[in-house]
Amino acid sequence: MACRQFVLSARALGLGALAIIVTFFGALARAEAGEKPSYRVLAADNGHVAIVNAQGNIEWEIPNQAEVHDLALLANGNILFPTSPTTVVEMTPDKKIVWQHVAKPRKGIADRVEIHAFQRLENGLTMIAESGNRRIIEVDENDRIVREVPLTVEHPNPHRDTRMARKLENGNYLVCHEGDGKVREYDPSGKVVWNYALDLAGRPRSSGHGPEGHGVEVFGALRLPSGNTLIAAGNGNRVIEVTPEGKSVWSIEQRELPDICLAWVTTLQVLPNGNLIFGNCHAGPGNPQLIEVTRDKKVVWTFKDFKNFGNSTAVARVLDIKGKVIR
């Protein structure tokens, strides 16, 4: 079998500094020896947010029934994640909430509001994409709004206005609009300065959340150092890289990787060595939830844990990577 799968199972001890150090240097030594990588993983599904180690043991977890489309382990060791469709919290390892944002409909909006993306910025502010409110906001440690950026939405829907959103190094915002099937870059005033419309790649549209479904409902996008944009095409069942002019220059198609079928392609992480880790949600227990590939599309690691997580693992983060990870 050409695909290497990392299968997780047992549950064990809590989060601790010694475990982190041992895991990190053990993984580094194995990498230097030419062995396949292994990672701790932070993910959300099956009614909890959890960190599992490379042996499949749960190091930390908190019950959580919210649909999670974004989460982060912060530099201070705290975890940023949603606890409801309208609430994002920062929680310490000992499970104390030290910050939260609760979204409410802005004036003139009668529909509900949902949060599907957020980002702790280097200046300490937190960027939040509010679907329904059709805006990006930046809030301070007291949840005071210090910046508001209106978003262009062609097909308003509080569940589908936005998916992944990130503030770029140039101060603009890269936003995935699931319902519109487009990725847009906004300047701080809300002006669209770049736009990419997803296509069906020559296949007919079909319904369904699993591998049988096919559409343009985009999930994730990252801006690469080259200026190109890497896109997790959602139910487009693929990953694509496009130039500023919108030309596709690289892709991984639904059945291109040996023994792996892609369904809803979600989370993206670009490692310092250039490898890409992406999420494969709703693909069924026969397929991994995370896949790491080289730029020449060689599968070097997969994460498949249908005990601790499940078929709706939309977002997961690999931890303890030395160097800058783009995510």
Side-chain angles (χ1 to χ4, degrees), residues 5-12 14-15 38-74 78-91 93 95 114-119 131 159-160 162-164 176 178 208-213 217-220 232-235 237 239 260-269 277-292 301-320 327:
Q5 293 180 339
F6 181 64
V7 183
L8 304 176
S9 57
R11 297 193 172 203
L15 181 65
S38 60
Y39 307 107
R40 292 194 310 144
V41 174
L42 167 65
D45 198 8
N46 282 4
H48 70 172
V49 176
I51 295 175
V52 297
N53 63 23
Q55 291 72 45
N57 302 322
I58 289 183
E59 295 184 343
W60 185 92
E61 67 176 328
I62 188 75
N64 187 52
Q65 297 300 322
E67 182 177 50
V68 179
H69 285 147
D70 207 351
L71 81 171
L73 180 64
L74 303 177
N78 296 346
I79 296 174
L80 199 63
F81 65 97
T83 57
S84 80
T86 59
T87 305
V88 177
V89 306
E90 178 183 347
M91 181 175 286
K95 303 178 182 179
E114 295 184 10
I115 296 172
H116 298 279
F118 41 85
Q119 179 185 13
S131 289
H159 187 67
R160 306 180 71 203
T162 62
R163 277 301 180 263
M164 183 176 172
C176 295
E178 183 186 86
H209 264 62
E212 75 285 354
E217 283 71 21
V218 60
F219 187 98
N235 68 345
N237 325 117
V239 180
I260 293 175
C261 181
L262 305 183
W264 211 288
V265 180
T266 55
T267 186
L268 293 169
Q269 297 165 93
I277 295 178
F278 62 93
N280 187 28
C281 188
H282 305 312
N287 290 289
Q289 295 129 312
L290 284 177
I291 304 159
E292 178 181 352
W301 175 82
T302 62
F303 175 85
K304 185 181 180 186
D305 179 359
F306 281 85
K307 178 178 180 179
N308 293 316
F309 304 107
N311 201 37
S312 296
T313 306
V315 61
R317 304 295 186 203
V318 295
L319 308 179
D320 308 321
R327 52 188 169 203

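When a residue number appears, it is its place in the shown sequence, counting from 1.
The backbone N or O of Phe309 sits nowhere less than 3.5 Å from a side-chain atom of Asp45 that would complete a donor-acceptor pair.
If you take CD1 on Ile51 and CD1 on Ile62, they are separated by 11.5 Å, rounding to the nearest 0.5 Å. The CG atom of Leu73 sits 10.0 Å away from atom CG of Leu80, with the distance rounded to the nearest 0.5 Å. Annotation: the span from Ile291 atom CD1 to Ile260 atom CD1 amounts to 4.5 Å, rounded to 0.5 Å. Here CD1 of Ile277 is found 9.0 Å from OG1 of Thr267. Values are rounded to the nearest 0.5 Å. Between the CD1 atom of Ile79 and the NZ atom of Lys95 there is a distance of 9.5 Å, given to the nearest 0.5 Å.
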Exercise for the section: Under the side-chain contact (heavy atoms from CB on, under 4.5 Å) rule, what do Ile115 and Thr87 come out as? Steps first, then yes or no, please. Expected result: CA-CA 7 Å; Ile115 296 172; Thr87 305; over 6 Å; no

Exercise for the section: Let me see the working for Arg317 and Asp70 under side-chain contact (heavy atoms from CB on, under 4.5 Å), right down to the final yes or no. Expected result: CA-CA 10 Å; Arg317 304 295 186 203; Asp70 207 351; 3.2 Å; yes

Practice task
Evaluate side-chain contact (heavy atoms from CB on, under 4.5 Å) for Asn308 paired with Asn46, printing each intermediate quantity in order.
Solution key: CA-CA 7 Å; Asn308 293 316; Asn46 282 4; over 6 Å; no

Exercise for the section: Test Phe306 against Asn311 for side-chain contact (heavy atoms from CB on, under 4.5 Å), laying out the working first. Expected result: CA-CA 7 Å; Phe306 281 85; Asn311 201 37; 4.1 Å; yes

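None of Arg163, His116, His159, His69 except one satisfies the side-chain hydrogen bond (donor to acceptor under 3.5 Å, both in side chains) rule with Glu178; the exception is Arg163.
Under the rule for a salt bridge (Lys or Arg N to Asp or Glu O under 4.0 Å), the partners of Glu114 that lie at least two apart in sequence or sit in another chain are Arg112. The ring pair (Phe, Tyr, Trp, His ring centres under 6.0 Å) check on His209 picks up Trp264, His282, with sequence neighbours excluded.
Ring geometry for Phe81 versus Trp60: interplanar angle over 60°, hence perpendicular rather than tilted (30 to 60°). Note on ring orientation: taking the six-membered ring where Trp is involved, the planes of Trp301 and Tyr39 are perpendicular (angle over 60°, cut-offs 30° and 60°).
Looking at heavy atoms from C-beta onward, Val315 lies out of side-chain contact with Arg327 at the 4.5 angstrom threshold. Looking only at side-chain heavy atoms (C-beta outward), Met91 and Thr83 stay at 4.5 Å or farther from each other.
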